[in-house]
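One structure is given here, and the rest of the page talks about it.
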Amino acid sequence: MTRALPDGDSQVPSGIGNTAAGRDDPAISVHGLTKRFGSRTAFSDVSFEVARGEVFGFLGPNGAGKTTMVRTLGTLLTPTAGSATVAGLALRPDNGARIRGRIAIMPESAGLYQRLSVNENLAYFAGLYEVPDPGRRIAQALASVGLTDRAKDLCGTLSKGLRQRVSLARTLLSDPQVLFLDEPTSGLDPVAAHEVHQLLDGLRSRGVTIFLTTHRLDEAERLCDRVAILNTTLRVIGRPADLRDRLFAKTLRVVTRLPLDRPDVVLSGLPGVRAWHDQGPGDYLLTVTDPAVAAPAVARAVVATGADVLSIGEAPHSLEDVYLLLVDPGTTGTSGTTGIDGQEDR
Ligand SMILES: Nc1ncnc2c1ncn2[C@@H]1O[C@H](COP(=O)(O)OP(=O)(O)OP(=O)(O)O)[C@@H](O)[C@H]1O
């Protein structure tokens with residue numbers, strides 16, 4: 001699904017005649033993009049690609065540049081340097097209107113008129129976007145977010161989760177190829193957030209490309225094909241599972257009822273075991289090359305000493321571990337990091 005961005009592939013097609021590219025071309029292609037506000041750098045020299053139909057997560061701490069990236073790719077801000085294509089069009093001022101015709105942005109705050117009904121809000125925005133056949137489009141968008149029966153309610157009377165759904169319906173009016181969602185579940189309770197996740201699953205199955213910023217690592221892990229971690233510069237890109245494997249050594253945790261008498265003798269030199277240390281009485285963390293090879297060997301060796309094994313299993317790392325390691329290395333002292341040499345495009 002993803003395409004590499006090889007060296008020298010920085011040429012963005014020029015000319016307003018850059019019509020939608022072929023199905024294999026990326027939905028978003030960013031090369032060396034930088035945005036500064038005066039002396040403040042929001043993001044610098046960022047490169048990545050998002051495939052068509054991909055759900056791409058953009059993670060980073062406060063002030064990392066996520067919203068600025070969304071606003072830049074959404075043609076609301078002009079980049080300071082670098083180039084990009086969005087929905088098959090070069091990111092240039094003279095392409096702004098055409099790009100906006102192919103994308104939609106859902107900002108962090110819903111931006112709805114509280115004293116207008118759901119229907120009136122959507123009709124207003126359909127007019128603004130010059131959506132053809134607005135009545136049908138509004139009905140479709142409302143059905144997509146499960147709000148058909150709330151169409152006449154005033155937006156001001158809706159819960160935050162329902163308003164977020166109206167906001168999502170608004171972005172669907174123009175039938176976008178690429179949807180930018182800036183923290184779509186910010187401030188929602190778990191049930192409302194789950195509903196938004198289900199809606200995004202529905203959009204994914206319809207082939208919409210989704211560019212999603214979030215602080216919620218569980219959300220990124222659950223929804224995104226790939227994630228990028230940004231902190232002014234891009235730190236890493238990859239599938240959540242690949243990032244965990246790439247950044248952390250595999251570890252096995254072995255817990256015995258009583259501490260082993262000679263763990264150094266028992267655990268050293270076993271197949272697939274590279275190193276070990278104890279985390280407490282009868283609690284051992286082993287760095288292994290392949291858990292499937294190491295676990296049976298470790299189990300046999302420990303049981304052969306007469307010890308009772310209470311549990312043995314792979315110690316998982318979460319996307320949160322990856323995030324903390326890259327964004328704030330001081331917060332992790334975890335074992336077995338393999339190190340990373342900065343940004344990586346796949
Ligand atoms: N219009 C602006 N003028 C000046 N500085 C700005 C402007 N917009 C953003 N910035 C600065 O750019 C940097 C990146 O901001 P941005 O809002 O993109 O971060 P973010 O990752 O979205 O943060 P958060 O997670 O807190 O929403 C910050 O230092 C911010 O203060």
Side-chain angles (χ1 to χ4, degrees), residues 28-48 50 55-84 86 91 93 96 99-100 103-112 160-161 163-164 167-168 171 178-189 192-193 196-197 200 209-224 226-238 240 243 318-331 342-344:
I28 302 171
S29 174
V30 171
H31 193 85
L33 211 62
T34 298
K35 177 65 186 176
R36 289 190 205 95
F37 298 100
S39 60
R40 176 171 295 134
T41 302
F43 57 79
S44 175
D45 197 21
V46 173
S47 301
F48 62 88
V50 179
V55 180
F56 188 81
F58 221 53
L59 310 177
N62 293 127
K66 304 179 299 295
T67 298
T68 305
M69 178 62 77
V70 166
R71 292 171 61 77
T72 303
L73 295 178
T75 77
L76 304 176
L77 293 170
T78 308
T80 310
S83 57
V86 178
L91 186 67
I99 291 174
R100 288 192 291 278
I103 66 168
I105 302 176
M106 183 170 134
E108 193 181 338
S109 63
L112 301 167
K160 189 162 185 187
R163 283 204 295 274
Q164 203 69 336
S167 185
L168 196 54
T171 63
V178 182
L179 189 51
F180 291 93
L181 305 175
D182 199 4
E183 299 188 30
T185 55
S186 167
L188 299 188
D189 70 31
V196 171
H197 292 168
L200 297 185
T209 306
I210 298 175
F211 185 100
L212 167 93
T213 77
T214 182
H215 285 292
R216 293 189 44 184
L217 300 166
D218 59 325
E219 176 169 279
E221 194 140 31
R222 143 108 170 66
L223 291 176
C224 298
R226 286 186 307 149
V227 295
I229 296 179
L230 179 81
N231 200 359
T232 310
T233 57
L234 204 55
R235 302 306 167 96
V236 70
I237 296 184
L243 295 183
S318 66
L319 185 58
E320 187 171 350
D321 293 332
V322 175
Y323 180 88
L324 289 173
L325 176 73
L326 293 172
V327 166
D328 189 2
T331 60
Q343 175 183 328
E344 187 158 323

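Treat the numbers as computed from the prediction; the structure is a model and nothing was measured. Start at 1 and go down the list; that is how both ligands and their atoms are numbered.
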Worksheet item: Side chains of E219 and T214: donor-acceptor distance under 3.5 Å anywhere?
Response: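 Note: E219 and T214 side chains meet the donor-acceptor criterion.
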Practice item. Select all protein residues for which some heavy-atom-to-ligand 1 distance is less than 4.0 Å, and list them by chain and number. Key: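 Residue list for ligand 1: F37, R40, A42, P61, N62, G63, A64, G65, K66, T67, T68, E183, H215.
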Sorted by chain and residue number, the salt bridge (charged side-chain N to carboxylate O under 4.0 Å, His left out) partners of R100 (sequence neighbours excluded) come out as none
Are V46 and T233 side-chain neighbours, meaning at least one heavy-atom pair lies under 4.5 Å?
->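 Side chain of V46 against side chain of T233, heavy atoms only: no contact under 4.5 Å found.
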What orientation do F180 and F211 show, parallel under 30°, tilted 30 to 60°, or perpendicular over 60°?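 Correct class here is tilted.
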Side-chain donor-acceptor distances from residues 32-41 under 3.5 Å, at least two apart:
from, atom 1, to, atom 2, distance (Å)
T34, OG1, D45, N, 2.9
K35, NZ, T78, O, 2.7

Contacts of F43 meeting ring-ring contact (aromatic ring centres under 6.0 Å, His included) (sequence neighbours excluded), chain-then-number -> none
